[in-house]
Amino acid sequence: MFDVAIIGAGVVGCAVAYELSQYKLRAALIEKENDVAMGASRANTAIIHGGYDPATHTLMGRLNVEGMRRCFELCEELDVEHKKTGSWVVAFDATQRTTLEMLLEQGVANGCEGLKILEGDIVRSREPNLSDDIVAALWIPESGVLNPWEFTLAMAEVAVRNGVTFMPNTKVCGLTWRQDHYEIKSHTIRSALNMSEDSSFQQEYHRETDIIAIRAHYVINAAGVGSDLIHNMVAPPAFEIVPTRGEYFLLDGTAVDHLVGSVVFPCPTRAGKGVTVSPTVHGDFLIGPNSEVVADREDTAVTGGALRDIAQKAHRVVPSLNVRTSIRNFAGVRANSTYGDFFIEKSATNFIDLAAIKSPGLTCAPAIARVAREMLQKDGLLKEKRDDWRGGRRIIRFKEIPEEERDAFVRENPLYGRVICRCETITEGEIIASMKREIPPVSIDGIKRRTGTGMGRCQGGFCGPRVMEILARESGRDPLSIEEDGCGSTILIGRTKDPRSREVSSE
Ligand SMILES: Cc1cc2nc3c(=O)[nH]c(=O)nc-3n(C[C@H](O)[C@H](O)[C@H](O)COP(=O)(O)OP(=O)(O)OC[C@H]3O[C@@H](n4cnc5c(N)ncnc54)[C@H](O)[C@@H]3O)c2cc1C
């Protein structure tokens, strides 16, 4: 029996797990996918929002600045890649300038510091590639960007290190209150290989589901776009998720001399914060997102029409921007809802909703976790802190080791002398180290999210097969079972029978 079960291992669930791991209690983190950060927390603009945008009376407005400051602290504590770039909201005419004034006032009310409205020429002296048509911009110095999946993973790793049980491939499908605890009915999602009789050629992939029951005194719903479904298992419907897709271009930083040094937003409209031009922690640039309501909660397709629209909007702000330098397109789905704000409520006995966490949910996650902790404390849980809690996290990134120290480092750690990802200079040593951490990767993209392999210009074209070999070898798995990403995304389809061809193997 767990004291608390958290449903959903996105940034919100993992921030809660991190917070709870500091107390004496048994907690479970239940996730339907095969890794943490598989929903909105991995496909977003990665901005640590400054806090000027959400209306002051909303939960988003109340939690943004606290979350933003805590994000930067956590990134330092947990060695998560981040940059405090600052951000701009640009205005093209007098009406939009009035919007800047409103945003400045709102930002001050929300607790932002250092906001300023600057004239177009001054803005361009700091960001020379911005359009000559920009008449003024709001400067938000406290904001920046981070690596969103590393941030999520880092909090989860510390939680697991301190006793939280991570349950991947476990989809919650029912919740029943039984006098003093919830029975959490779940499907286990498993992959299996079906080989032909001589085990040489055919492979079939199965998603097998077993029903298992997990018991917990308290349940926290952090299920993102699925959070209304979880809510409805224990309480009357109170909100409905309106899945809203956002698509992106990722521009290759090595092909673009310099685009912007800070995050650039257009003036927000009722549709949202608009198409952003933003640097990433890896030295690339993100362009997007658009905003489109989709029927399927997990529809992360990218579409020509949306990309054309995004390119056009981004050009208006940065005219020299060239989307032909794009190395990837992707999309994420926002958990927008009919409620309009974050839905943070105690909705049933021993049940807390951290639901409908739309943007700026990545930024607010640490503050949302603080609110959840206080709600549990009010209910008499979390009485005692652990005195053996082990926080912190340090990652070796070979490319960050100064040139003059590399030789000695490689002599001592020869695996760091084998570069596997050429674009991003990621070594075998880093890949193997990532497999020894608290939540080991199970897929090629799991290694990508932990080390940065495949993040560069070739997007894994060169290093993907080598990463697959290392993953299969180190985990003792058949390469045929290795997935690109989520459950069911195997890449290899079988072994060749031709003895002259190299057999697919881990050697
Ligand atoms: C396009 C886009 C751009 C954004 N840009 C920003 C930004 O720049 N800055 C910012 O602060 N915020 C941004 N956001 C918002 C931010 O990404 C989200 O608010 C945040 O990631 C939500 O985290 P979460 O943990 O609630 O949801 P998720 O990350 O979606 O996690 C929910 C998890 O629950 C799991 N789950 C669902 N149902 C079940 C079930 N039945 N059983 C078990 N597990 C289940 C899912 O698999 C998922 O892993 C953006 C969002 C999008 C989509």
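All residue numbers in this chain count up from 1 along the given sequence. Numbering of ligands and ligand atoms starts at 1, following listing order.
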Open item on the list: Applying side chain to side chain donor-acceptor pair (under 3.5 Å) to Thr349 and Tyr182, what does each step give before you reach the verdict?
Closed with: CA-CA 10 Å; Thr349 310; Tyr182 279 99; 5.4 Å; no
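- Remark: ligand 1 atoms within the under-4.0 Å shell around heavy atoms of Gly39 are 29 (O), 30 (O), 49 (O).
- Residue Gly226 has no nitrogen or oxygen atom sitting less than 3.5 Å from a nitrogen or oxygen atom of ligand 1, judged on distance alone.
- By the criterion of a heavy-atom distance under 4.0 Å, the backbone of Ala46, and not its side chain, is placed next to ligand 1.
- An N or O contact shorter than 3.5 Å is missing between Lys171 and ligand 1 by distance.
- The proximity of Thr170 to ligand 1, defined as any non-hydrogen pair under 4.0 Å, is limited to the backbone.
- Contacts between His49 and ligand 1, counted as non-hydrogen atom pairs separated by less than 4.0 Å, involve the side chain only.
- Among Arg42, Lys448, Arg393, Arg449, the one residue that satisfies the salt bridge (charged side-chain N to carboxylate O under 4.0 Å, His left out) test with Glu150 is Arg393.
- The nearest protein atom to atom 16 (C) of ligand 1, hydrogens excluded, is given as Leu362 N, 3.6 Å; this is a heavy-atom distance.
- Contact detail for Asn64 and Gly50: the closest heavy-atom pair is ND2-C, 4.1 Å.
- Proximity of a side-chain donor or acceptor of His231 to a complementary backbone N or O of Ile352 within less than 3.5 Å is not detected.
- When only interatomic distances are considered, the shortest N/O to N/O separation between Arg334 and ligand 1 does not fall below 3.5 Å.
- Looking at Met38 next to ligand 1, no N or O pair under 3.5 Å apart turns up.
- In terms of protein heavy-atom proximity, atom 11 (O) of ligand 1 is closest to Thr363 OG1, 2.7 Å.
- With sequence neighbours excluded, no residue forms a salt bridge (charged side-chain N to carboxylate O under 4.0 Å, His left out) with Asp296.
- Under a cut-off of 6.0 angstrom, the local environment of NZ in Lys83 is crowded, with over 12 non-hydrogen atoms contributed by other residues, nucleotides or ligands.
- Scanning all protein heavy atoms for the shortest distance to atom 25 (O) of ligand 1 gives Val12 N, 3.0 Å.
- The Pro360 neighbourhood of ligand 1 comprises atoms 10 (C), 11 (O), 12 (N), with distances under 4.0 Å to a heavy atom of that residue.
- Only backbone heavy atoms of Ala43 (N, CA, C or O) come within less than 4.0 Å of ligand 1; its side chain stays farther off.
- The closest donor-acceptor contact from the side chain of Glu483 to the backbone of Gly488 lies under 3.5 Å.
- The shortest N/O to N/O separation between Ile230 and ligand 1 does not fall below 3.5 Å.
- The minimum heavy-atom distance linking Ala9 with Cys14 is given by the pair O-SG, 3.6 Å.
- A parallel orientation is assigned to the rings of Trp149 and His282, their planes being inclined by less than 30° (bins at 30° and 60°).
- In the displayed structure, Gln312 atom CD is contacted under 6.0 Å by at most 12 heavy atoms of other residues, nucleotides or ligands.
- Remark: Glu105 CD is loosely packed, at most 12 non-hydrogen atoms of other residues, nucleotides or ligands lying under 6.0 Å away.
- Given atom 14 (N) of ligand 1, the protein heavy atom at minimum distance is Ser359 CB, 3.6 Å.
- Note: Tyr52 and Trp139 fail the aromatic proximity criterion, with ring centroids not under 6.0 Å apart.
- When non-hydrogen atoms are compared, ligand 1 lies under 4.0 Å from neither the backbone nor the side chain of Ile48.
- By the salt bridge (charged side-chain N to carboxylate O under 4.0 Å, His left out) test, Arg62 pairs with no residue at all, sequence neighbours left out.
- The residue among Leu286, Val11, Thr45 with a heavy atom at the shortest distance from atom 20 (C) of ligand 1 is Val11.
- Of the protein's non-hydrogen atoms, Val172 N, 2.9 Å is the one closest to atom 42 (N) of ligand 1.
- In this structure, Pro440 and Met435 approach most closely via the heavy-atom pair CB-O, 3.5 Å.
- For atom 3 (C) of ligand 1, the nearest non-hydrogen atom from the set Phe342, Phe151, Tyr248 belongs to Tyr248.
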- [ ] Apply side chain to side chain donor-acceptor pair (under 3.5 Å) to Thr56 and Asn110, showing your working.
- [x] CA-CA 6 Å; Thr56 307; Asn110 290 353; 2.8 Å; yes
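- Heavy-atom contacts of Gly8 reach the following atoms of ligand 1: 33 (C), 34 (O), 35 (C) (cutoff under 4.0 Å).
- Ranking the protein heavy atoms by distance from atom 27 (O) of ligand 1 puts Gly224 CA, 3.6 Å first.
- Looking at Gly10, Ser41, Ser143, Pro148, it is Ser41 that brings a heavy atom closest to atom 23 (O) of ligand 1.
- Nearest to atom 48 (C) of ligand 1 among the protein's heavy atoms is Glu31 OE1, 3.5 Å.
- The backbone N or O of Glu240 lies less than 3.5 Å from a partner atom in the side chain of Thr338, making a donor-acceptor pair.
- Backbone and side-chain nitrogen or oxygen atoms of Gly332 are examined, and none is located within less than 3.5 angstrom of a nitrogen or oxygen of ligand 1.
- At a 3.5 angstrom cut-off on N or O pairs, Glu33 does not count as close to ligand 1.
- Taking the charged nitrogens against the carboxylate oxygens, Glu19 and Arg370 have no contact shorter than 4.0 Å, which rules out a salt bridge.
- Every atom of ligand 1 with a heavy atom of Gly361 under 4.0 Å away is listed here by number and element: 11 (O), 12 (N), 15 (C), 19 (O).
- Under 4.0 angstrom from ligand 1, the non-hydrogen atoms of Ala222 all belong to its backbone.
- Considering backbone and side-chain atoms alike, Ile357 places an N or O below 3.5 Å from some N or O of ligand 1.
- The local environment of NZ in Lys84 is crowded, with over 12 non-hydrogen atoms from other residues, nucleotides or ligands closer than 6.0 Å.
- Nearest to atom 8 (O) of ligand 1 by heavy atom, out of Val145, Asn336, Ile47, is Ile47.
- At a 4.0 Å heavy-atom cut-off, ligand 1 touches Lys32 through backbone and side chain alike.
- At the top of the distance list for atom 50 (C) of ligand 1, counting protein heavy atoms only, stands Asn44 CB, 3.4 Å.
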